[in-house]
Amino acid sequence: MKKIKILISLSALVFFNIYVFSSFSRVASMGIEFWMLEDDDTLIWFNPYEIIKYSNHVWVELGKAQGSSAAPNVNNNLNITDIWGGVSFYIRKNSALAAFFGRPYWGLLNYSGTRINGSDVQAIPDSPINTSMLPLPLNNKLDIFYAGEIFKIPIGFSAFIASNSQKQYSEDFSKPDLQNGDSKYSQTLVSRELWLMFGTKLSKILFFDYLDIVLNIGLHNVNNLYEDEVYNGTEFLKNNEYSFYTTGNGSIELSLRFINKLNKVSIVSLFDYYLTNLSNEFIRKTDDNMDGNLLFSDGDVYYKISQDYIYSLLTLGTATNINLSSKFLWIFGFNMKFNHISVNEKRESLLSDRKGTNQEYSSNILNLNIPLYIALEYKLSKFFTLYSGIKKTIYNISFSKITDPDYGGWNGSTFPLNGKDVYEISTDDSDTQADFSFGIRVSVLENIFLDAVLRENVLFTGTYLLSGVPETLSSQISLVYRF
């Protein structure tokens with residue numbers, strides 16, 4: 001066994017942020033996480049009870065525009081993505097409903113089955129018809145919200161389902177009668193995810209003016225199967241079977257948000273813990289002579305690739321909202337994010353005459369990330385509001401332990417373990433540049449608002465009119481209508 005301590009770039013590791021969905025333009029323009037705002041319509045995605053405050057609204061996310069990477073090349077420089085929207089209604093005393101359509105999928109299910117960096121365990125192969133057996137890209141179908149009271153306790157509920165599926169079936173038959181070697185195959189790919197969110201907002205609890213308590217429960221499932229059969233003159237016999245499925249099917253998240261108000265200052269604090277299990281298995285069976293016995297001596301293939309994949313994120317943060325006047329809002333905030341990713345991968349031969357583990361790799365990664373945020377909102381006039389923000393990571397360090405067993409070839413009875421390498425990896429990426437953001441709100445009427453995130457590159461290019469670079473003025477636009 002050997003131990004090696006090296007430095008690697010954090011960009012080589014995969015870390016997630018559960019708040020990646022915070023995509024409304026006001027929040028993006030200020031460069032903050034949406035929970036840091038004391039009041040904002042994006043908070044409906046944190047606590048569904050907030051929909052009671054933002055009933056009778058129409059939201060339209062007009063999209064995000066990718067910027068120019070080469071100049072000048074007008075065609076294909078502008079690619080609009082993430083167009084979606086929704087509407088909310090006040091239905092009766094202290095209750096409201098809302099529905100959103102087409103929201104981009106924000107979950108992590110697509111990471112299930114993906115090989116981690118550095119792993120020498122065999123990657124999940126494509127099916128014999130060259131189709132990936134990994135989870136399909138998920139499409140979010142519908143988000144629904146309800147807010148009301150039960151026994152005078154404020155309660156909010158939301159749910160969304162994301163899914164995708166594909167089915168294929170093909171026959172290659174001789175006519176009019178079946179002939180030896182005729183074949184058929186079927187393939188079914190199914191990926192699903194369901195999230196249920198329950199929230200309440202309590203006032204005057206302990207030392208806090210307001211307390212949000214939110215519980216998220218997620219259920220996901222992937223079930224992909226390919227099978228083909230060949231006619232031997234009397235019957236169809238199975239030749240290939242490829243299957244990929246999730247063995248870990250759940251996620252849970254608990255969020256607490258505390259608000260203390262003092263004159264023109266509000267302090268918002270957050271506790272959030274998120275845990276998901278993305279574990280999965282892949283099995284391939286190839287019966288070369290289709291005799292029903294899977295043997296290495298017959299040239300058959302039979303193995304299992306398993307991946308135990310656990311991801312967790314603990315977020316502790318606080319933000320101060322300072323209303324200097326009716327025109328100025330300052331926000332100062334920070335987060336402490338503790339990521340933990342535990343992945344264990346293994347390949348096992350399951351052939352009757354050659355059983356045993358022959359590939360293995362495990363990785364345990366801990367990361368602490370502390371970013372600081374400063375944001376400003378300035379109401380320039382009745383019709384225009386300006387946004388700006390800066391984010392700077394002041395601490396970003398990770399510790400990893402990699403275990404890489406080395407198995408030898410088949411010796412007649414087993415795959416011998418010849419050794420095991422253990423790598424201890426330390427990474428410090430604290431010295432990163434700051435991120436700046438800018439935006440503007442245009443109040444078309446008293447109840448119609450258009451928010452836009454201004455592209456930072458435009459400060460240098462001046463848009464196409466000045467530089468000839470086909471760069472859009474804004475990178476994201478949102479429309480809000482209150483009725």
Side-chain angles (χ1 to χ4, degrees), residues 19 22-47 50 53-54 57 59 201 203-212 256-271 315-336 370-394 433-456 458-459 474-480 482:
Y19 297 113
S22 179
S23 61
F24 285 141
S25 295
R26 181 194 180 201
V27 175
S29 296
M30 301 176 79
I32 58 177
E33 297 190 8
F34 67 93
W35 66 262
M36 293 181 173
L37 287 162
E38 179 190 355
D39 286 309
D40 189 73
D41 52 6
T42 57
L43 290 171
I44 65 174
W45 303 100
F46 178 85
N47 184 351
E50 292 286 343
K53 186 185 299 183
Y54 298 101
H57 277 58
W59 292 272
K201 191 178 190 73
S203 59
K204 303 300 180 182
I205 298 295
L206 299 176
F207 310 105
F208 308 106
D209 292 304
Y210 295 99
L211 170 62
D212 291 286
L256 304 175
R257 183 172 180 260
F258 312 90
I259 299 178
N260 291 91
K261 299 173 69 69
L262 180 63
N263 297 326
K264 296 182 179 181
V265 178
S266 297
I267 299 176
V268 182
S269 301
L270 175 75
F271 168 90
T315 303
L316 304 174
T318 188
T320 302
N321 291 227
I322 304 174
N323 293 280
L324 295 180
S325 68
S326 59
K327 292 187 175 182
F328 280 97
L329 169 64
W330 282 96
I331 295 178
F332 301 89
F334 81 97
N335 274 331
M336 290 191 297
I370 304 178
L372 293 181
Y373 303 84
I374 301 176
L376 170 65
E377 179 178 277
Y378 174 58
K379 190 171 184 180
L380 186 64
S381 68
K382 181 179 179 181
F383 301 102
F384 297 100
T385 301
L386 302 179
Y387 308 112
S388 182
I390 180 172
K391 173 188 173 183
K392 176 66 173 72
T393 297
I394 61 171
Q433 68 179 20
D435 296 322
F436 293 88
S437 55
F438 307 91
I440 186 170
R441 164 169 286 191
V442 179
S443 300
V444 181
L445 298 171
E446 290 186 357
N447 58 345
I448 300 178
F449 307 95
L450 188 71
D451 287 334
V453 182
L454 301 181
R455 193 180 299 281
E456 184 180 348
V458 172
L459 298 176
S474 59
S475 60
Q476 182 177 344
I477 301 177
S478 305
L479 179 69
V480 181
R482 295 190 298 210

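Residue indices begin at 1 and follow the sequence shown.
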Is any NZ, NE, NH1 or NH2 atom of the basic residue among R26 and E377 found under 4.0 Å from an Asp or Glu carboxylate oxygen of the other? yes
CG/D212 to CG/N47 distance, rounded to the nearest 0.5 angstrom? 4.5 Å
Would you say W35 and N335 make side-chain contact, with heavy atoms under 4.5 Å? yes
Return yes when atom NZ of K53 has more than 12 non-hydrogen atoms of other residues, nucleotides or ligands closer than 6.0 Å, and no otherwise. yes
Within the distance-only criterion (no hydrogens, no angle test), does the side chain of S437 pair as donor or acceptor with the backbone N or O of S29 below 3.5 angstrom? yes
Taking atom types as modelled and ignoring hydrogens, do the side chains of Y210 and E38 form a donor-acceptor contact shorter than 3.5 angstrom? no
Heavy atoms, side chains only, cut-off 4.5 Å: are K204 and D209 in contact? yes
Positive for side-chain contact (heavy atoms from CB on, under 4.5 Å) with L270, one of L316, T318, T315: T315
Mind checking whether F258 and F208 have parallel, tilted or perpendicular rings, split at 30° and 60°? tilted
Residues passing the ring pair (Phe, Tyr, Trp, His ring centres under 6.0 Å) test with F332, sequence neighbours excluded, are W330
Rounded to the nearest 0.5 Å, how far apart are CG of D451 and CZ of R441? 4.0 Å
Starting at CD1 of I267, measure out to OG1 of T320 and round the result to the nearest 0.5 Å. 5.0 Å
Distance col, row L37:CG vs I331:CD1, nearest 0.5 angstrom, shows 4.0 Å
Grab the two heavy atoms, one from D40 and one from Y54, that are nearest each other, plus how far apart they are. N-OH, 3.0 Å
Can you check whether L329's main-chain N or O pairs, donor with acceptor, with N321's side chain at less than 3.5 Å? no
How many angstroms lie between atom OG of S269 and atom CG of N260, to the nearest 0.5 angstrom? 7.0 Å
Quick check for you: to the nearest 0.5 Å, what is the distance between K392 atom NZ and I370 atom CD1? 12.0 Å
Side chain proximity check, K201 to R257, heavy atoms < 4.5 angstrom: yes
Assess the residue pair V442 and F384 against the criterion (side-chain contact (heavy atoms from CB on, under 4.5 Å)); give the C-alpha distance rounded to whole Å, side-chain angles, the decisive distance to 0.1 Å, and a yes or no. CA-CA 5 Å; V442 179; F384 297 100; 3.9 Å; yes
Which heavy atom of E33 sits nearest a heavy atom of Y373, and at what distance? OE2-OH, 3.2 Å
When you compare the side chain of Y387 with that of L376, does any pair of heavy atoms fall below 4.5 Å? no
Closest non-hydrogen atom pair, S25 against I477: OG-C, 3.6 Å
Minimal heavy-atom distance between M30 and A375, with the atoms involved, is O-CB, 3.5 Å
